[in-house]
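Read through the structure below, which is laid out as C-alpha cells, and then see the notes.
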Amino acid sequence: MTALYNHHEVENKWQTIWDEEKAFRTSDDHSKPKYYALVEFPYPSGQGLHVGHPRPYTALDIVARKRRMQGYNVLYPMGWDAFGLPTENYAIKNHIHPRIVTKNNVERFRNQLHALGYSFDWEREVNTTDPEYYKWTQWIFLKLFKAGLAYKSEMPINWCTSCKVGLANEEVVNGVCERCGSPVVRRVKSQWMLKITEYADKLIQGLDTVDYIERVKVSQRNWIGKSQGAEVDFAITGKEDKLRIYTTRPDTLFGVTYMVVSPEHPMIEKYKDEISNYSQLAEYREQAARKSDFERTELAKDKTGVQIQGLTATNPVNGSEIPIWVSDYVLMTYGTGAIMAVPAHDERDWDFAKKFHLPIIEVVAGSPVSVQEQVYTDVATGTLVHSGFLDGLSVEEAKKKITEYLEEKGIGHSKTNFKLRDWVFSRQRYWGEPIPIVHCPKCGYVPIDESELPLMLPEVESYEPTDNGESPLAAMEEWVNTTCPCCKGPAKRETDTMPQWAGSSWYFLRYTDPHNKEALASREALEYWLPVDWYNGGMEHTTLHLLYSRFWHRFLYDQGYVPCPEPYQKRTSHGMILGSNGEKMSKSRGNVVNPDDIVRDYGADTLRTYEMFIGAFDLSASWSEDGVKGCRRFLERVWKLQDILTQEEGYSKDLETRMHQTIKKVSSDYENLKYNTAIAAMMSLLNDFYKKNGVTRGEYKTLLTLLNPVAPHITEELWQTAGFEGRLYQTSWPEYDEEKTQESTVEIGVQVNGKMRAAVVVQKDEEKEQVLQAARQALGDKLSGTVVKEIYVPGRLVNFVVK
RNA sequence: GCGGAUAUGGCGGAAUUGGUAGACGCGAUAGAUUUAGGUUCUAUUGUCGCAGACGUGCAGGUUCGAGUCCUGUUAUCCGCACCA
C-alpha cells in the first residue's frame, strides 16, 4: 500500500523545489513565441486574501502552465496596487506609517498566493507605491500635462463627507461614496483633470479591434455614451445673444413649445436685471445645489421648475415666441446646459409640460393615442406633420434635411456628444503619488524636470486630511515651498496626490521589464510582449480601471512609447464567489470563508480544483464546503491510482479512444473558460480506470499531465513517485489523434414520430439501409401503421414518421 | 425607465450545426468493512406508475424532431439612471 495523501508535505515540498529551480521564471529569450497572461493585481488589504481572488488567478494559471508545456515563453506576473484609502485610514487609526502597513499586507498576500502554488514569475513583482515604480506613473502624468491632456479646473466635484476627498463620477454609487457609503455632496474645488473625453471616439473605435466578451464592450460603449444630434441657436427675444441648445431630435424643431435651462446656466446671471423673478430663480438654484446627487436621483420622477419672467425665446424655424424655464432636470454638465422642449415626443418634456400646463404640439404622426394623452417617442415608424418643409418625411429623413437647413442658414450644426466626463485626477490625501507640478505665481503650473523624478512622497507627522479639504502634504512647508523650474522664483508644490487608478493604468507595461531604470520598459520588451494576450478581471472594473488603462495606453501609443494602440487583446470576466447562503460574502453577514483554512484543511490543490469546478466561470457561484470535500475525494482517488498502476506503457486497447477524447476535450475546455467540464471529463476518465481496475503507465502519465495545471503539486509528486522522467512542469502537453477520438461503434436512437422508442448499436460507418433494418428490428411490433417518412441522422438517430 | 444576463432533478451544474435531456459532483437510500461514528467500497437515485405517461420559468408557433430557433410573457440578479 502507498502512503496516504498528505497535502502539507506534498505542497511544501514542491513549492520549495519550484522556487529553487526558478521553475516559472520568464525567459528573456525573445526568439520563442510569447504568451502574456494577466490577472488584475490585488489591492493588499488588511483582511488578506479572499476566496474570490483564487478564482481568476487559478484560471489563468491553468492557461499559463498549459502554454509553457506547449513551448511558449510565458509572462504571468503578479504585483500590488498598494496606494489607497483603506491603508491610509488604518494608518491614521493605528498611528503606523502607511508604508509599513502596506509592507505587512503585501507580505501576507504574497505568502498566501505562494501557498496556492501559482506559477507567477515573482522576480517581476511590481508595487505601485515603490518610488522606482511611481517615478514612471509621474512621468506619464508629465507627458499628459505636456500634451495638454492634464489641466486644473475649478469645478463642482463629488465630495465625500466622510473621506473628505473628491471622487470621480465612477466612484459615486447611488449618490453615496463607493468606499465608505457616506453621502456625497457637490462642492467646488480646484482639481486636476485628465481629458479622457478627447479619447472618447478612439476608445469606442478600439473596441472593434479587440476580443472582449460582449458585455464588457457593451458597458464601455454605454459608459462613453456617444450620441449624434445637433446644436441649434434660439434667439432670446429682443437680444443679440442666442441661447444654444443640444438635441438628438432636430427633426422635432417645429414641436418646441418651451425651453429649459439648467439652474446654473450663465444667462440667468447675465440678464439678472431684466428677470423680474430673479430672486425666485436664485433660490431655486440654491435648492438644487443643496441636493445631493442621491436626492436628485430619488426625486427624478417629480419634476420641479420655475419660469423665467421677462425673457422669452424665438423658434428659429417658425418664429414663434416661447417661454424659458429653469429646471434641474437639465444638467449644466451635458450638452450646452439648455434644451428645447418637445413635450409631444420626449418623455421628460412631456412630464414637465403636463405638470406646468404647457402646450403639447404633435409633429410626428403615427401614435395610436393622442400625444395629449401619451408621449410618442418611436423614431422608426413616425411621419413628420405640422412641420412646414419637413412634412411627410420619416424621422430619419427629417433629421438629415433639417440639419442641412440649419447649417445653410447658420443657425445650427450637427454635433456629437458623449456622456463620458473628464477624469477628476486629484485626491486630497497622503497615500498616493505626488503630482509633479509646481505652482508659480509668475509662470503658472509648471512641470518639474523629468530628471527630478521620482518626486518622493515626504514623511509627515499626520496623514489626516484637513477639514478645509487640503491634502496633509499642504502642512509640510519645507516640502511645499520650492523654486519655480522655469523662472527660479519662489513657488509652491502641488499638494494633491493621484487617485488609486493611476498606478494600475499602466502596470502591465512595467511587468515586461520591471527593473528598467532608463524607461518605463525597454522598447524591445514592449514590442515582444505587447499586447497582453489574455486579461481577466472583475466586471466591476469595466468602466473604471479598464477604460482608464485603455486611455493611458492609447495616449502612450499616440506619443510613440508603446507599439500597439490597444493594450489587451482578449478580456474575460469571472463571476463572484458568494457565501453558502447565496449572498455576497461579508463580515456582517457572517458568511466569509478564509482561503487559509481551506488550504490548511484540504490543501491548495483541492481549493484550486474546487474553485474551477464550482460552476461556469463567468457566472457567480455559492460556496459549498461539501463541494470542497468532493474535490478532495477526487484528488485522493487520483493519488490511489498508484495501487492499480500496471507496468504497461501506452494506452490499453479499450481505453484508447477515451484517452484521445479526453485530451481533446480538456485542451479545448481550458482555452474556453470551461474549467468545470474539463475537470468533469478527468473525473470520468478516473472512474473508467477504477472500473477497469487498472491504469497503464501511459494512461497515468496523460492524466497527470492534463490535471497538472489545475492541481500542480499532487500531480508533480505522483509523477516523481512513478519514476517518470524529469519534472512534470517541463513535460510537453499531450497530443491527441483526431481519428482516434472517433468511436468504432455508435449507439443510435430510434424514434417513432419523434418519440424515443429504442436504441441500436451499429458500426460507425454502417450503411444507411443496414441501420434502418436494425432499427426496425429493435422496434418490433412497436412500429405499426404506415411509415410515411424515414429520417436518418448518421451517428445520431433514426426517426420513423408513421400515420 | 434603459441596457446586459439568468431560469434545467433535493442541490451545484452538463448538453457541437435543432438530433437519445440530466454528464460530472454534492446530497440521499440500501448493502459491505468497522465495537460504534467517520473514512472507504458496491448498488440505486428526474417525477408518477404495473407494462406506460409526463418532464428544461409560463403561453403560443415553426419542425419528422425544440433546453436549443421565432413571437409574447413572468420572475430573479447585475450595471446605468432626468445624458435632451
Ignoring backbone atoms, test whether [X] places a side-chain nitrogen or oxygen under 4.0 Å from the OP1 or OP2 oxygen of [N].
{"X": "A:Lys674", "N": "B:A15", "answer": "yes"}
{"X": "A:Asn222", "N": "B:G79", "answer": "no"}
{"X": "A:Arg215", "N": "B:G3", "answer": "no"}
{"X": "A:Asn687", "N": "B:G25", "answer": "yes"}
{"X": "A:Arg796", "N": "B:A15", "answer": "no"}
{"X": "A:Ser227", "N": "B:A84", "answer": "yes"}
{"X": "A:Tyr334", "N": "B:A84", "answer": "yes"}

Q) How far apart are the C-alpha atoms of A:Thr304 and A:Tyr284, what are their side-chain angles, what is the distance that settles it, and do they pass the side chain to side chain donor-acceptor pair (under 3.5 Å) test? A) CA-CA 9 Å; A:Thr304 58; A:Tyr284 181 80; 2.7 Å; yes
Would you call the rings of [X] and [Y] parallel, tilted or perpendicular, taking 30° and 60° as the class edges?
{"X": "A:His545", "Y": "A:His541", "answer": "perpendicular"}
{"X": "A:His345", "Y": "A:Tyr376", "answer": "perpendicular"}
{"X": "A:Trp623", "Y": "A:Tyr610", "answer": "perpendicular"}

Q) When all nucleic acid strands are considered with a 4.0 Å heavy-atom cut-off, which category describes A:Ser219: base, sugar-phosphate, or nothing? A)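 Answer is nothing: A:Ser219 stays at 4.0 Å or more from every strand.
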Q. How would nucleotides 37-48 of chain B be written as a contact map, 5' to 3', with B for base contact, S for sugar-phosphate-only contact and - for no contact, using protein heavy atoms under 4.0 Å?
A. ---SS-------
(Q) Given B:G19, B:C82, B:C24, identify the nucleotide with an atom nearest to the side chain of A:Lys303. (A)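 Closest nucleotide among those given: B:C82.
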Q) Rounded to whole angstrom units, what separation is found between the CE atom of A:Met682 and the P atom of B:C24? A)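 So the two atoms are 15 Å apart, to the nearest Å.
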**Q.** Atom-pair distance (CZ on A:Phe800; P on B:G65), nearest Å
**A.**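 Roughly 16 Å, once rounded to whole Å.
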Q) Which nucleotide, in any strand shown, forms a Watson-Crick or G-U wobble pair with B:G79, with both distances under 3.5 Å? A)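 In the structure as shown, B:G79 has B:C2 as its Watson-Crick or wobble partner.
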Q.
Please name the nucleotide paired to B:G55 by Watson-Crick or G-U wobble geometry with both distances under 3.5 Å, or report none.
A.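 When the pairing criteria are applied, nothing turns out to pair with B:G55, so the answer is none.
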Q) Given the C1' atoms of B:U56 and B:U68, what is the spacing between them in whole Å? A)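 Taking atom C1' in both B:U56 and B:U68, they lie 10 Å apart.
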Q) Just checking, A:Arg244 and A:Phe234: is the charged tip under 6.0 Å from the six-membered ring centre and within 45° of the axis? A)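 Not flagged: A:Arg244 not positioned over aromatic ring of A:Phe234.
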(Q) Can you tell me whether the side chain of A:Asn799 and the base of B:C64 have a donor-acceptor pair closer than 3.5 Å? (A)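 Yes, a donor-acceptor pair under 3.5 Å.
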